[in-house]
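Following: one structure in C-alpha cells, then a few remarks.
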Amino acid sequence: MPDILIPENIKGAAVEALRARFDVSLQPDLWNSPAQLAEEISNCRALMVRNQTPVTAELLSQARELLVVGRAGVGLDNIDVKAAQDAGIVIASTPDQNAISAAELTMGLILSLARMIPAADGDTKEGNWSRQKFVGVELYGKTLGIVGAGKIGYLTARRALAFGMSILAYDPYLSPDNILLSDLRAELVSLDELLSRADVVSCHLPATRETNRLMNVVRFEKMKPGALFVNTSRGAVVVEEDLLAALKSGAVGGAALDVRATEPPEAGELESLPNVIVTPHIAAFTGEAQERVTRAVCEDVARVLDGKPAINAVGSGLPRRMAAR
Ligand code: MLT
C-alpha cells in the first residue's frame, strides 16, 4: 500500500521529489471511481487532491491510517473539513499560491468581454473583417465591483487600477479601515450598492452556505443595466438560469464564467449566447501557479509524514491520530 495516494492529476518536480522518499500512487482518474478510491485509501497515510475528489465523511471513515489531506488549491468545498478534523486528520491547502494567476485570468475575461475578443477572433477566422460589429467599451473611468475582497479580489482590483478603473468592494468580513482598501482607493459598500454602481461585477468568493446562489434573479436585477459579470471563484455562487434570463433581457450586458454549478457543465443556452465567455475552471492553471501549488502541498504532506506540523494547515497542523506504520 502506498504512503501517499493522488487520485487526481497532480504532477511535477515536487511530486517526483516525494517519490524519492515515499511510496506515491498517482492515479489521475481515480477520483471518478468512488468505490475503488475508498478501497485504495484504506491504508494510505496521505491523500493529495485538487477539487474533483469528494473527500466526504464516508470516504474518510474508510481511511483508518490517514494523517493528512493535502489540497492542491485554495477552495475546500470538496472536503468535509469538520469530518477530517473530528477524525484528527490534518488538512493542508495552498492559499495564495494561485492568486496571481486567478487575478490575471479575471482581468483577461473582463477585457475579453469589454472588447468582445473571443467573438471577434472567431468571426475573423471565419474570413470576415467586421470592424463595426465589434465596437466595445473602455475600462478606463469605469467602476469595478469586487464581491469578496480576499487575496484574489485584491490582486484583481490592483490590476484594474492600472486600467484607470475605480474600485468598490463588498466583503462582510472586512473592516472599513482595512489597509488593503486604502491601498486600492476602494469604497467598502453593501452588496446592493455595489451591484447598482459597478460597470463590471467580479465574484471572488468561496463556496459556503452564505454564498450559495448569492447571485440570483434579485441580485441580477439590482445590477446597473448592461453591466458585465465575471465569476472565476465558485459556480455555486451563481444561479445560472437567473443569469441566463438577465443576459437575455439585457439586464446583464455580458458574462464570463470560469466556474460552473456543475463541472463539467452540460452544453446549454448560456454557451450559445454571443455575449457569454466560458472557460473550463482554468484560473489557477498556469505553469507558474501549478508549480507553486504542487510544491507547497507536497512540502506540507511530507512535513506531516515526517512528524512536523503542516505550514498551511486549516486548523491544527499536526494530526491527532497516530499512524500504525
Ligand atoms: C482553487 O480552489 O485553488 C482553484 O479553484 C483551483 C482548483 O480548484 O483546483
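Remember, it's 1-based here, ligands and their atoms both numbered in the order they're listed. In this chain, numbering begins with 1 at the start of the sequence shown. Computed from a predicted structure; not experimentally measured.
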More than 12 foreign heavy atoms under 6.0 Å from CZ of Phe163: is that the case here?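 Not more than 12 within 6.0 Å, no.
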
Tell me whether the count of non-hydrogen atoms from other residues, nucleotides or ligands lying under 6.0 Å of CD in Gln62 goes above 12.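 Result for CD/Gln62: enclosed.
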
Short N or O distance, [X] and ligand 1, threshold 3.5 Å exclusive:
X      : result
Phe285 : no
Arg234 : yes
Val74  : yes
His281 : yes

Which bit of Asn98 gets closer than 4.0 Å to ligand 1, counting heavy atoms only: side chain, backbone, both or neither?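 For Asn98, the contact with ligand 1 is made by the side chain alone.
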
Once you restrict to heavy atoms under 4.0 Å, what part of Arg71 touches ligand 1? Side chain, backbone, both or neither.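 It is the side chain that gets close, since no backbone atom is under 4.0 Å.
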
How long is the straight-line distance from CG of Leu270 back to CG of Leu244, given to the nearest 0.5 Å?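 That separation rounds to 5.0 Å.
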
With sequence neighbours left out, what residues match Asn128 under side-chain hydrogen bond (donor to acceptor under 3.5 Å, both in side chains)?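 In terms of side-chain hydrogen bond (donor to acceptor under 3.5 Å, both in side chains), with neighbours along the sequence ignored, Asn128 is linked to Asp123.
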
What atoms of ligand 1 come within less than 4.0 Å of a heavy atom belonging to Asn51? 8 (O)

Counting from 1, what ligand 1 atoms have a heavy atom of Gly73 closer than 4.0 Å?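 Checking each atom against Gly73, I get 3 (O).
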
For residues 293-300, run the donor-acceptor check on the side chains, cut-off 3.5 Å, and write out each pair with its distance to 0.1 Å, sequence neighbours left out.
residue: Thr294; atom: OG1; partner: Gln290; partner atom: O; Å: 2.6
residue: Arg295; atom: NE; partner: Glu291; partner atom: OE2; Å: 3.3
residue: Arg295; atom: NH2; partner: Glu291; partner atom: OE1; Å: 3.0
residue: Asp300; atom: OD1; partner: Ile311; partner atom: N; Å: 2.5
residue: Asp300; atom: OD2; partner: Ile311; partner atom: N; Å: 3.2
residue: Asp300; atom: OD2; partner: Asn312; partner atom: N; Å: 2.8

For Thr106 and Thr232, test the side chains for any donor-to-acceptor distance below 3.5 angstrom and give the result as yes or no. yes

